Engineer: 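Just dropping this structure here.
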Amino acid sequence: MKKLTRSKTDRMLTGVAGGVSEYLGIDSRIIRIIFIILAFFHGIGLLAYLILLVLMPNTQETTGPFDGMFNQYKSKEQSTTKNNDKRKNLKDVQEFDHK
């Protein structure tokens, strides 16, 4: 049985159109064109897209359009914390002003 989920491979932004196309067995370009055409009718296409975005679950391996950027940041953050763990913490250090 097919589940309506966002696509992990056929995505432009969030994978909604790709997921609908995989579920219906239609080319994703046709679904995207339908969303665009419906967007000109009082925003129905945009509203439908946003509703599907909220209701359609991601597949477990799916990442969003900006997740790569945040994953890079997290990996840098984790690497700096690993380096900080190797550093020695100095205690009872006195500071002097040199004139």
Side-chain angles (χ1 to χ4, degrees):
M1 182 175 172
K2 292 182 185 179
K3 288 182 76 176
L4 183 61
T5 59
R6 287 189 253 163
S7 176
K8 63 181 178 179
T9 56
D10 187 12
R11 56 177 39 219
M12 293 292 280
L13 290 175
T14 60
V16 171
V20 171
S21 69
E22 288 174 3
Y23 184 77
L24 297 176
I26 302 173
D27 188 19
S28 62
R29 291 177 283 192
I30 296 171
I31 301 297
R32 289 183 182 104
I33 291 170
I34 290 171
F35 277 128
I36 291 170
I37 291 171
L38 289 176
F40 289 111
F41 293 105
H42 303 289
I44 294 171
L46 182 60
L47 181 64
Y49 188 88
L50 292 175
I51 290 171
L52 287 173
L53 176 64
V54 172
L55 295 179
M56 287 175 65
N58 276 332
T59 55
Q60 293 174 351
E61 301 154 3
T62 304
T63 59
F66 302 110
D67 286 347
M69 177 179 14
F70 294 125
N71 288 340
Q72 290 173 356
Y73 173 73
K74 287 179 184 176
S75 66
K76 287 180 184 177
E77 184 179 277
Q78 289 173 353
S79 67
T80 57
T81 57
K82 288 178 185 176
N83 291 338
N84 288 340
D85 292 340
K86 295 177 185 177
R87 289 181 164 182
K88 294 180 181 179
N89 290 327
L90 299 176
K91 296 178 182 176
D92 299 326
V93 176
Q94 296 177 359
E95 294 182 14
F96 296 101
D97 289 332
H98 296 285
K99 294 183 182 182

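One-based numbering along the sequence shown. Note that this is a predicted model, so its numbers are computed, not measured.
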Engineer: Compare every heavy atom of Ala17 with every heavy atom of Arg32, then report the nearest pair and how far apart it is.
Structural biologist: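 That closest heavy-atom pairing would be CG-CB, 3.6 Å.
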
Engineer: Which heavy atom in Gly19 sits nearest to a heavy atom in Ser7, and how many Å separate them?
Structural biologist: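 Between these two residues, the closest heavy atoms are N-CB, 3.6 Å.
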
Engineer: Using every non-hydrogen atom in the two residues, find where Ala48 and Phe35 come nearest and quote the distance to one decimal.
Structural biologist: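 Closest heavy-atom pair between Ala48 and Phe35: CB-CE2, 4.2 Å.
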
Engineer: Does Arg6 reach the main-chain N or O of Met56 with its side chain, forming a donor-acceptor pair under 3.5 Å?
Structural biologist: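 Present.
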
Engineer: Give me each pair satisfying salt bridge (Lys or Arg N to Asp or Glu O under 4.0 Å) with a member in residues 39-50, each pair once, sequence neighbours excluded.
Structural biologist: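 Matches after skipping sequence neighbours: none remain.
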
Engineer: For Asp27 and Ser21, work out which heavy atoms get closest and say how close.
Structural biologist: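 For Asp27 versus Ser21, the nearest heavy atoms are C-CB, 3.9 Å.
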
Engineer: Linking I/L/V/M/F/W/Y whenever any side-chain heavy atoms sit under 4.5 Å apart, do Ile36 and Ile44 land together?
Structural biologist: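 Each belongs to a different hydrophobic cluster.
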
Engineer: Taking Leu38 as the starting point, is it possible to reach Ile30 by hopping between hydrophobic residues whose side chains are less than 4.5 Å apart?
Structural biologist: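 They do share one cluster, since a chain of ILVMFWY contacts under 4.5 Å joins Ile30 to Leu38.
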
Engineer: Do Thr9 and Glu22 make a side-chain contact, defined as non-hydrogen atoms from C-beta onward lying under 4.5 Å apart?
Structural biologist: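 Yes, their side chains come closer than 4.5 Å.
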
Engineer: Would you say the side chain of Ile33 lies within less than 4.5 Å of the side chain of Ile37, judging by non-hydrogen atoms?
Structural biologist: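 When only atoms from C-beta onward are counted, Ile33 and Ile37 do touch, with a gap below 4.5 Å.
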
Engineer: Report yes if some heavy atom in the side chain of Tyr49 is under 4.5 Å from a heavy atom in the side chain of Thr14; otherwise report no.
Structural biologist: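 When only atoms from C-beta onward are counted, Thr14 and Tyr49 do touch, with a gap below 4.5 Å.
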
Engineer: Starting at CG of Leu53, measure out to CG of Leu13 and round the result to the nearest 0.5 Å.
Structural biologist: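 Between Leu53 CG and Leu13 CG, I get 9.5 Å after rounding to 0.5 Å.
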
Engineer: Mark yes when over 12 heavy atoms from residues, nucleotides or ligands other than Tyr23 sit less than 6.0 Å from its OH; otherwise mark no.
Structural biologist: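 Check fails, neighbour count at 12 or below.
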
Engineer: Taking atom CG of Leu47 and atom CZ of Phe41, what is their separation to the nearest 0.5 Å?
Structural biologist: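 Here the interatomic distance stands at 15.0 Å.
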
Engineer: Just verifying a value: how many Å separate Ile26 CD1 and Ile34 CD1, rounded to the nearest 0.5 Å?
Structural biologist: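 So the gap between those two atoms works out to 6.5 Å.
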
Engineer: Mind listing the closest non-hydrogen atom pair of Val20 and Leu4 along with its distance?
Structural biologist: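 Result for this residue pair: CA-CD1, 4.0 Å.
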
Engineer: About how many Å separate CZ of Phe40 and CG of Leu46, when rounded to the nearest 0.5 Å?
Structural biologist: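 So the gap between those two atoms works out to 11.0 Å.
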
